[in-house]
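Here the structure comes first, spelled out in structure tokens, and everything after it is commentary.
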Amino acid sequence: MAILGATMKHVATGSLAALLLLLTGCSAPAPLAPVRLTDRIAAVLVDDHLGHAFAAFPAAIGNEKSVIGATLHYRATSTRRLWSVSVTYGPSVPMITGRCEAPSTEAPQPTCYWQDGVRIAWFTDAGPLYFTASRRQQFVNLEVVNLTREEDPRKGSGHVSVDALVALAADPRLDATTDASLATRATAYPAWTEDPGCAHAAPIGPIPLPKASGPATEAISPQAIAAVVASHVAGTCAGDWNPVSPGPIGGMVYQTPGKEWVAAYFTTDGYYAKCRDGVTCTVSDGVTTSYSFGAGETQQSHLRLVRRVDFGYLVVHEASLGVDYRTRTFPVPLSVLRDIFVDPRLARRVDPALNLAGERLAICWRLLDDTGE
């Protein structure tokens with residue numbers, strides 16, 4: 001009788017719950033309808049696979065309206081140069097589609113292999129890696145730039161694993177339509193910018209930097225060098241001096257988004273430490289000061305200060321347009337460049353607070369192609 005009573009109680013409870021559900025009209029929520037893939041959604045998916053980026057922007061700059069996708073920029077550190085990945089949904093690049101053959105005998109021949117349905121190709125030992133995965137109508141294409149990698153990426157691909165990149169290219173959410181929940185995340189994606197070239201940035205600075213808070217225990221980063229420059233000069237944006245070469249490390253502040261800037265960098269190349277033909281140059285107390293002048297209003301003129309340091313050379317370098325070779329007057333005075341040149345924060349090893357200040361620098365960071373040289 002006890003078992004029967006318990007059973008009747010269970011049935012009654014279940015019937016009551018069903019009745020309440022019917023009366024209140026409650027039901028399981030219907031799944032959201034798929035949404036069209038957007039540039040920002042593509043950025044969110046890259047972030048899911050490769051980690052948080054410093055900044056992201058549309059992969060199609062210009063008139064490539066048929067391409068949907070994003071480029072994500074991962075900053076340099078004190079020991080690693082910057083790198084980036086672009087993911088697009090659309091037509092594939094003809095030279096890396098299908099077989100590992102170029103469309104003509106004159107074109108460079110890619111090296112490639114397949115992994116989990118994704119084609120991985122490259123043209124040079126240190127050049128970009130290309131990942132291609134087919135979809136019902138188009139392709140997912142990845143271009144990964146500036147990795148410190150082995151000649152064959154299967155032996156080591158530097159900052160990010162090939163497996164992670166393959167998983168990104170194969171992600172079924174990268175398609176013409178995708179999971180609707182991604183749209184909300186994309187709207188709030190914090191790394192997104194519509195101005196990767198800082199074309200609309202207002203001048204700011206000089207920017208004060210925090211005082212040293214401890215011993216110099218970290219290698220200086222490009223962002224920290226840019227921060228030191230920005231503490232002396234105003235500018236519209238900052239950037240990495242040379243993001244491609246593993247040699248020079250430095251930062252720069254642009255007076256305009258294009259060809260006028262002040263940079264500081266360390267290099268092992270003593271090219272600019274010597275006076276050369278065709279360059280106005282003096283050497284005094286171990287410091288080389290040189291001028292070179294461009295013709296007209298569209299070619300850069302350059303002013304450099306160079307001295308030997310314990311691991312190469314320190315260069316402080318200004319480039320400007322329309323400088324009169326007779327007066328040698330640059331927009332940023334020579335006295336300011338000298339202040340940067342002797343700033344003790346420009347050292348091989350620095351207080352971690354300086355690297356952190358570079359990461360948090362309150363000035364637009366230029367993400368498009370470097371214009372250092």
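These figures come from a predicted structure and were not determined experimentally. The analysis underlying the following values was restricted to heavy atoms, covering all of them including side chains, and did not include hydrogens, waters or symmetry mates.
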Checking [X] side chain against [Y] main chain: does a donor-acceptor pair fall under 3.5 Å?
| X | Y | answer |
| --- | --- | --- |
| Gln223 | Ala357 | no |
| Gln300 | Lys259 | yes |
| Arg360 | Ala362 | no |
| Thr178 | Arg173 | yes |
| Thr267 | Pro248 | no |
| Asn146 | Ser84 | no |
| Arg135 | Leu174 | yes |
| Thr88 | Val67 | no |
| Glu318 | Phe330 | no |
| Ser161 | Ser157 | no |

With side chains defined as the heavy atoms from C-beta onward, is the minimum distance between [X] and [Y] less than 4.5 Å?
| X | Y | answer |
| --- | --- | --- |
| Leu129 | Arg149 | yes |
| Tyr89 | Gln137 | yes |
| Tyr272 | Thr288 | no |
| Ile340 | Val233 | yes |
| Ser320 | Glu260 | yes |
| Pro203 | Tyr254 | no |
| Leu72 | Leu50 | no |
| Ser292 | Arg304 | yes |

Donor-acceptor list for residues 33-41 side chains, cut-off 3.5 Å, not counting sequence neighbours:
| unit_1 | atom_1 | unit_2 | atom_2 | d |
| --- | --- | --- | --- | --- |
| Thr38 | OG1 | Ile41 | N | 3.1 |
| Asp39 | OD1 | Gly69 | N | 2.9 |

Minimal non-hydrogen separation, [X] against [Y], with atom names:
| X | Y | value |
| --- | --- | --- |
| Thr256 | Thr236 | C-OG1, 3.7 Å |
| Val162 | Pro153 | CG2-O, 3.8 Å |
| Leu346 | Ala264 | CD1-CB, 4.2 Å |

Is the number of heavy atoms from other residues, nucleotides or ligands within 6.0 Å of CD (Glu151) greater than 12? no
Inspect the surroundings of CZ in Arg276 and state if more than 12 heavy atoms from other residues, nucleotides or ligands are less than 6.0 Å away. yes
Can you tell me how far [atom2] of [Y] sits from [atom1] of [X], rounded to the nearest 0.5 angstrom?
| X | Y | atom1 | atom2 | result |
| --- | --- | --- | --- | --- |
| Trp122 | Tyr130 | CH2 | OH | 13.0 Å |
| Phe293 | Leu303 | CZ | CG | 8.0 Å |
| Tyr265 | Ile225 | OH | CD1 | 11.5 Å |

I'd like to check the salt bridge (Lys or Arg N to Asp or Glu O under 4.0 Å) partners of Asp343; sequence neighbours left out, ordered by chain and number. Arg345
Non-neighbouring partners of Asp285 that pass salt bridge (Lys or Arg N to Asp or Glu O under 4.0 Å), sequence neighbours left out: none
Is [X] linked to [Y] within one hydrophobic cluster, defined over Ile, Leu, Val, Met, Phe, Trp and Tyr using a side-chain heavy-atom separation of less than 4.5 Å?
| X | Y | value |
| --- | --- | --- |
| Val279 | Tyr313 | no |
| Tyr113 | Leu142 | yes |
| Val228 | Val336 | yes |

When the ring centroid of His317 is compared with that of Trp241, is the distance short of 6.0 Å? yes
Intermediate values then yes/no, side-chain contact (heavy atoms from CB on, under 4.5 Å), Val323 and Tyr291: CA-CA 11 Å; Val323 176; Tyr291 296 84; over 6 Å; no
Taking the cut-offs as 6.0 angstrom to the six-membered ring centre and 45 degrees off its axis, would you call Arg348 and Phe266 a cation-pi pair? no
Can Ser301 and Tyr325 be said to form a side-chain contact (heavy atoms from CB on, under 4.5 Å), step by step? CA-CA 9 Å; Ser301 294; Tyr325 71 92; over 6 Å; no
Assess the residue pair Leu305 and Leu334 against the criterion (side-chain contact (heavy atoms from CB on, under 4.5 Å)); give the C-alpha distance rounded to whole Å, side-chain angles, the decisive distance to 0.1 Å, and a yes or no. CA-CA 9 Å; Leu305 303 177; Leu334 179 59; 4.0 Å; yes
Should the SG of Cys364 and the SG of Cys198 be checked, would they turn out to be under 2.5 Å apart? yes
Test side-chain contact (heavy atoms from CB on, under 4.5 Å) on Val87 and Val140; report intermediate values, then the result. CA-CA 7 Å; Val87 56; Val140 169; 4.1 Å; yes
On the 0 to 90° scale, with breaks at 30° and 60°, tag the Trp83-Tyr74 ring pair as parallel, tilted or perpendicular. parallel
Have Asp163 and Gln115 got a donor and an acceptor in their side chains that come within less than 3.5 Å? yes
Using a strict threshold of under 4.0 Å (side-chain N to carboxylate O), is an ion pair present between Asp47 and Arg185? no
